[in-house]
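Structure record follows, encoded as structure tokens.
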Amino acid sequence: MHLPDGLVDGGTALAGYAACAVLVGVGLWQVNRRPDPGALVPRAALLAAVFFAGSLVSIPVPPATVHLTLAGFVGVLLGWLAVPVIVIGLFFQAILFGHGGLTTLGLNALIMGLPALLAFAIWRLAGGDRRGRPTAMALAGGLGAAGVLLAVALFAAVVLLGLPDDVDAAMERRAVGIFIAAHLPVAVIEGVVTAAAVGLLHRAGSGLLRYG
Amino acid sequence: MASALPAHARRPATRGLPLPRDVRLRLLAALVLAFSIALVTSPLMVPAIAGLALVVARSAGMDGTAIRRALRLPGVLVLVLVILLPFLVGETVAWRFGPLTLHSEGLAAALLIAGRALGIVLLTVALLGRVPLARLIEGFRALGLPPLMADIALMMHRYLAEIRRDLDAMLLAMRLRGQRWRLRLGLLQGLGWTLAVLLLRSHERAERIWTAMRLRGYGSVAPQPMPPLQPGDIGRLLLSALPGPLLLVAERLL
């Protein structure tokens with residue numbers, strides 16, 4: 001679910017960069033207020049590498065295969081650093097594999113980053129790291145699934161922006177509906193994978209679930 | 001010279017545009033050209049986009065095979081849109097075959113999207129594809145990437161091969177234990193646990209490496225600055241990036 005280069009016009013792509021720069025700036029500002037922001041580097045780099053590698057794993061959903069987005073998972077584990085880390089991961093994906101693109105990097109970062117930040121906000125408000133294992137798993141699973149659906153909705157909205165104006169509006173709505181419905185299994189898959197991962201981290205008593 | 005590209009990325013600059021050798025300028029050239037192409041809105045400019053991308057690719061030493069390989073990258077979405085748009089968009093009939101009607105407006109939109117996508121991908125691969133990632137990150141840092149992001153990117157680059165190797169080994173182990181690669185709860189749970197174990201195993205090691213790096217002084221002194229830009233390289237930047245804005249001027253004049 002990466003926007004390729006050329007699909008949206010340059011103005012939209014530049015607006016995506018600007019909005020993404022704001023989110024990255026806010027994220028870094030929040031992190032730099034901490035006594036030792038550098039201490040987060042290993043966790044962030046590791047998450048970026050796992051985000052990158054995990055999103056390359058193919059899961060069979062006949063007749064096709066799907067890939068994990070891990071936006072909710074990254075949001076829960078990285079909080080404010082999620083968007084900067086997603087930008088880095090997406091840049092590597094664009095350069096190494098041609099997933100996404102150079103001009104659409106900002107838009108792709110928004111598509112993945114906004115669900116990650118939302119997941120972080122809900123996880124933090126709900127005190128996910130202080131809950132028991134079943135509750136934490138359910139919450140993380142829900143956030144993983146919701147993250148996919150939000151990312152799909154944002155992706156569809158940007159694709160529609162890139163299409164010519166004379167596309168039939170009713171057909172656009174139908175296409176978006178089908179597109180989102182087709183991703184429901186992906187949301188369920190992502191929810192289960194995120195819940196299982198968070199469940200194991202919880203059982204291991206890992207500090208990774210506690211942001212900061 | 002720290003910012004110069006390695007020898008393999010400087011293959012025969014025979015014909016065409018002189019491309020910058022300094023990684024910072026190469027990044028700037030790629031961004032200017034890519035965004036110039038993204039800003040094109042007229043399908044009439046597609047031949048010019050294709051010509052520019054091919055000249056840059058040839059100037060970067062890409063042969064026919066490398067160009068064909070790069071052009072496979074834009075992916076399924078562009079292909080689907082290029083196939084569907086001529087049938088779904090527009091009112092002016094260009095060609096009718098039974099129930100199928102091709103519209104001129106849809107054809108123009110498909111041509112524009114395909115031209116922009118292929119042009120930008122080819123340019124990106126030609127200018128940045130063979131630059132080592134660590135060198136690209138250094139270039140971004142020199143261009144103003146926040147230090148925290150540069151550190152994360154460098155460390156990620158360091159872990160990436162390791163994480164992918166570990167992940168591949170763990171997925172293989174899942175298969176060898178009899179896990180069938182079919183969509184069912186067991187597979188998804190196994191994937192989630194694999195990701196979590198990967199994080200747990202690697203996190204402690206990553207923390208140790210980072211602590212050791214900082215104890216050896218990493219981060220306490222500013223990174224070694226890149227060498228100053230050479231006038232010749234700035235000239236190469238101007239020559240290689242200028243066709244981008246010229247493309248937009250030409251579009252206005254058409």
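Not measured: the values here are computed from a predicted model. In what follows, every chain begins at residue 1, and chains take the letters A, B, ... in the order their sequences are listed.
- Once rounded to the nearest 0.5 Å, the distance linking OG1 of B/T124 with CG of A/L102 reads 5.0 Å.
- One finds the CG atom of A/D5 at 10.5 Å from the CG atom of B/L118 (value rounded to the nearest 0.5 Å).
- Put simply, CD1 on A/I88 and CE on B/M149 are 4.5 Å apart, with the number rounded to the nearest 0.5 Å.
- When the candidates A/T194, A/L14, A/V85 are compared by the number of heavy-atom contacts under 4.5 Å with chain B, A/L14 comes out ahead.
- When ring centroids are compared, A/F52 and B/Y159 stay outside the 6.0 Å threshold.
- Side-chain contact between B/L195 and A/L200 is absent, with no heavy atoms from C-beta onward closer than 4.5 Å.
- For chain B, the nearby parts of A/L46 are the backbone and the side chain; heavy atoms of each come within less than 4.5 Å.
- At a 4.5 Å heavy-atom cutoff, B/A108 makes no contact with chain A through either its backbone or its side chain.
- Note: B/L199 leads B/L198, B/L167, B/L123, B/L199 in heavy-atom pairs under 4.5 Å with chain A.
- The structure places CD of A/E190 at 11.0 Å from CG of B/L191, a figure rounded to the nearest 0.5 Å.
- Heavy-atom distances place both the backbone and the side chain of A/A44 under 4.5 Å from chain B.
- Side-chain contact between B/I137 and A/F92: present, with at least one pair of heavy atoms (C-beta onward) separated by less than 4.5 Å.
- Between the CG atom in B/L31 and the OG1 atom in A/T103 there is a gap of 9.5 Å [rounded to 0.5 Å].
- In this structure, chain B has heavy atoms under 4.5 Å from both the backbone and the side chain of A/L7.
- Listed options B/V40, B/L148, B/L136, B/D151 were ranked by heavy-atom pairs under 4.5 angstrom with chain A; first place goes to B/L148.
- Side-chain contact between A/V188 and B/L188 is absent, with no heavy-atom pair separated by less than 4.5 Å.
- At least one donor-acceptor pair closer than 3.5 Å links the side chain of B/W210 to the backbone N or O of A/G38.
- Considering only heavy atoms from C-beta on, B/R214 comes within 4.5 Å of A/D36 through its side chain.
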